[in-house]
> 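This is the structure, below, for whatever I ask next.
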Amino acid sequence: MICYLFLALEDFLLEIKYDFSLVKAEYTILLLYLIISVVLAVIIIGASYFMVRQNPESEKSSPYECGFEPFEDARHSFELKFCVIAILFIVFDIEIMFLTPWCVSISKLDLLGFWSIIDFLLELCVGFFYVWYVKALNWQ
């Protein structure tokens, strides 16, 4: 419904003949869209605030909802191996994802496409063996 309103308003603004350029018409639509978005966001946030009961229980106001206080300070140092594993997973997962189109279209590739994916696989293997060599995947 709002899309139809924008389209009708855009047609109306584009049909105006007097000192109203096409750029102004396009930016007017954008400004109207921005105003409607902000008003709608304020309405939704305001409605969600006023429709909810505002007296939380003491358990809900505690630091953690699990029922016990934290054991130590939240600002202690933690091991980066979790982040390293996550980054390595993302890198190798994306590289494997690039292999899927190649597997589907391998019969239609010429020699350049074939050898470029072989180069890609070699670089993938070199990266994996480097990660294995520096023992980035060991938990000890």
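Any value given below was found using the heavy atoms of this structure, including those in side chains, with hydrogens, waters and symmetry copies removed. Being a predicted model, the structure only gives us computed values, none of them experimental.
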> At what distance, to the nearest 0.5 angstrom, does CD1 of Ile90 lie from CD1 of Ile85?
12.0 Å
> Taking distance alone, no hydrogens or angles, what donor-acceptor pairs closer than 3.5 Å link side-chain atoms of residues 98-105 to residues at least two apart or in another chain?
from, atom 1, to, atom 2, distance (Å)
Ser105, OG, Pro101, O, 2.8

> Step by step, would you call Ile118 with Trp115 a side chain to side chain contact (heavy atoms under 4.5 Å, CB included)?
CA-CA 5 Å; Ile118 295 299; Trp115 286 110; 3.9 Å; yes
> Return the orientation label for the Trp132 and Phe128 ring planes: parallel under 30°, perpendicular over 60°, tilted otherwise.
tilted
> Can you tell me how far apart CD1 (Ile43) and OG (Ser48) are? Round to the nearest 0.5 Å.
12.0 Å
> Tell me whether Val91 is reachable from Leu122 by hopping between hydrophobic residues (I, L, V, M, F, W, Y) whose side-chain heavy atoms are closer than 4.5 Å.
no
> Within a reach of under 6.0 Å around CG of Leu111, are more than 12 heavy atoms found that belong to other residues, nucleotides or ligands?
no
> For atom CE of Met51, decide whether the heavy atoms of other residues, nucleotides or ligands shown that lie under 6.0 angstrom number more than 12.
no
> To the nearest 0.5 Å, what is the distance between CG on Leu109 and OG on Ser107?
7.5 Å
> Cluster question for you: counting only ILVMFWY and a side-chain heavy-atom cut-off of under 4.5 Å, with indirect links fine, are Ile117 and Met97 together?
yes
> With the 4.5 Å side-chain cut-off for hydrophobic clustering, are Phe50 and Val39 part of the same group?
no
> Between Tyr130 and Val134, is there a side-chain heavy-atom distance shorter than 4.5 Å?
yes
> Just verifying a value: how many Å separate Asp119 CG and Leu121 CG, rounded to the nearest 0.5 Å?
9.0 Å
> Measuring from atom CG of Leu31 to atom CD1 of Ile36, what distance do you get when rounded to the nearest 0.5 angstrom?
10.0 Å
> What's the spacing between Leu88 CG and Asp93 CG if we round to 0.5 Å?
12.0 Å
> When hydrophobic residues are tied together by side-chain contacts of less than 4.5 Å, even through go-betweens, does Leu30 share a cluster with Ile35?
no
> Do Val131 and Phe120 belong together in a cluster built from hydrophobic side chains that touch within less than 4.5 Å?
yes
